[in-house]
There are 2 protein chains.
Amino acid sequence: MKTHRDLGIKLTPQRLAILSYLDGNKDHPSAEDIYKAISKKFPTMSFATVYNTLNALKKRNSVLELTIDPGKKRYDPNIEPHNHLICVRCKQIEDIPVAFQLDLPKGTNRDFTILRNHVEFHGICPSCKIKQS
Amino acid sequence: MKTHRDLGIKLTPQRLAILSYLDGNKDHPSAEDIYKAISKKFPTMSFATVYNTLNALKKRNSVLELTIDPGKKRYDPNIEPHNHLICVRCKQIEDIPVAFQLDLPKGTNRDFTILRNHVEFHGICPSCKIKQS
DNA sequence: GTACGTGCAAAGGTTTTGCATTACA
DNA sequence: TGTAATGCAAAACCTTTGCACGTAC
């Protein structure tokens, strides 16, 4: 998450509200989550503006688009390399604030230039374990 | 990929065609890819049947639903634990036929019960590197 | 003042669903 | 024969787009 001082993007009240909602947010919200939260204060807010802003931020590398949830995109204001813990029951996503140094195993296509990696741990979160019992 | 001998699912000609198309397939096809390929031989095949079959196979753990491509699901008949190499340019997905033994870093939520992990390497494939130059 | 953002509605793409018909087991 | 799958169309979602209007810079 960068600050408002960044140039290159017009800072409208709607965008400031989205930036403020995302700042420090660890819920990995979907566009709808963002829309719902901000509509309370901005009744005229539209989905087009949410997507417009998210795509502008994505292009500027100020937000990550996560492809973790089948059916919808999730957004992450934490642009530091990190990984995720995903509850297979409730779909909650938790950050793992650490990067893994991984190499391709021997025998894998070495002609691929690796830019980054992303690790997903799938499991069951504490609160779903309680519900289960 | 299991064999046709599996019980618990009715084997219609359409399903046999889908199973045969998926068997050994390393392209991680989308539902549309499957539909297009099979429509050639089954002109009456419908999307409903493709999704119905894929969801039945998924439930039986005979196919994996990959959430790697934003906007659409991809399907993988390889149900052995393995990982993926993804070209950020052409979106090609290649298998890494090896599982990684990874532990949660210290300080991470230990109350999560880990069931499995999935590693994605993002990079540029050989053929996109050539196009680039 | 101008380029860019907003908001609305419509359209586009993917997946699911309802229902009458068909066919596997 | 009975249960489950098929196929079609419609609907449900999520995301993008076109366009007239408004506003940050």
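By convention in this document, chain letters (A, B, ...) are assigned in the order of the sequence lines, proteins followed by strands, and residues within each chain are numbered from 1.
Contact annotation: A/Thr12 does not reach the phosphate of C/dG5 (side-chain N/O to OP1 or OP2, under 4.0 Å). In terms of phosphate contacts, B/Arg15 brings a side-chain nitrogen or oxygen within less than 4.0 Å of OP1 or OP2 of D/dT6. B/Asn52 has no side-chain polar atom (N or O) that falls below the 4.0 Å cut-off from OP1 or OP2 of C/dT16. Between B/Gln14 and C/dA23 there is no side-chain polar atom (N or O) within less than 4.0 angstrom of OP1 or OP2.
Going from atom CG of B/Asp33 over to atom P of C/dT15 covers 10 Å, rounded to whole Å. Atoms CG (B/Leu19) and P (D/dA5) sit 13 Å apart, rounded to a whole Å. Distance CG (B/Asp69) to C1' (C/dT14): 11 Å, rounded to an integer number of Å. If you take OH of A/Tyr35 and P of D/dT15, they are 14 Å apart, rounded to a whole angstrom. Here D/dT15 presents its C1' atom at 5 Å from OH of A/Tyr51, a figure rounded to the nearest Å. B/Ile18 places its CD1 atom 13 Å from the C1' atom of D/dG7, with the value rounded to the nearest Å. In this structure, CZ of A/Phe47 is placed 19 Å from C1' of D/dG18, rounded to the nearest angstrom. When rounded to the nearest whole Å, the span between NZ of A/Lys59 and P of D/dT16 equals 11 Å.
Set against D/dC8, C/dT14, C/dG7, the side chain of A/Ser46 has C/dG7 as its closest nucleotide. Comparing C/dT15, D/dT15, C/dT17 against the side chain of A/Lys72 picks out D/dT15 as the nearest. Closest to the B/Met45 side chain, of the nucleotides D/dT17, D/dG7, C/dT6, is D/dG7.
A/Pro43 comes within contact range of no nucleotide atom at all, as no heavy-atom separation falls under 4.0 Å. In this structure, B/Pro13 reaches the sugar-phosphate backbone alone: every heavy-atom distance under 4.0 Å involves primed, P, OP1 or OP2 atoms, never a base.
In terms of modelled atom types and a separation under 3.5 Å, the side chain of A/Asn117 and the main chain of B/Phe121 share no donor-acceptor contact. A donor-acceptor pair is defined here as one N or O able to donate and one able to accept, closer than 3.5 Å; no such pair exists between the side chain of A/Lys26 and the backbone of A/Asn78.
With hydrogens and angles ignored, a donor-acceptor pair under 3.5 angstrom links the side chain of A/Lys10 to the base of C/dA3.
Take the nearest nucleotide of DNA chain C for B/Lys73 and for A/Thr53: the residue whose nucleotide is more 5' is A/Thr53.
In this structure, a donor-acceptor pair under 3.5 Å is absent between the side chains of B/Asp33 and B/His28. Looking at A/His84 and A/Asp95, their side chains do bring a donor and an acceptor atom within 3.5 Å of each other. Using modelled atom types, one finds no donor on one side chain facing an acceptor on the other under 3.5 Å when comparing B/Ser30 with B/Lys73.
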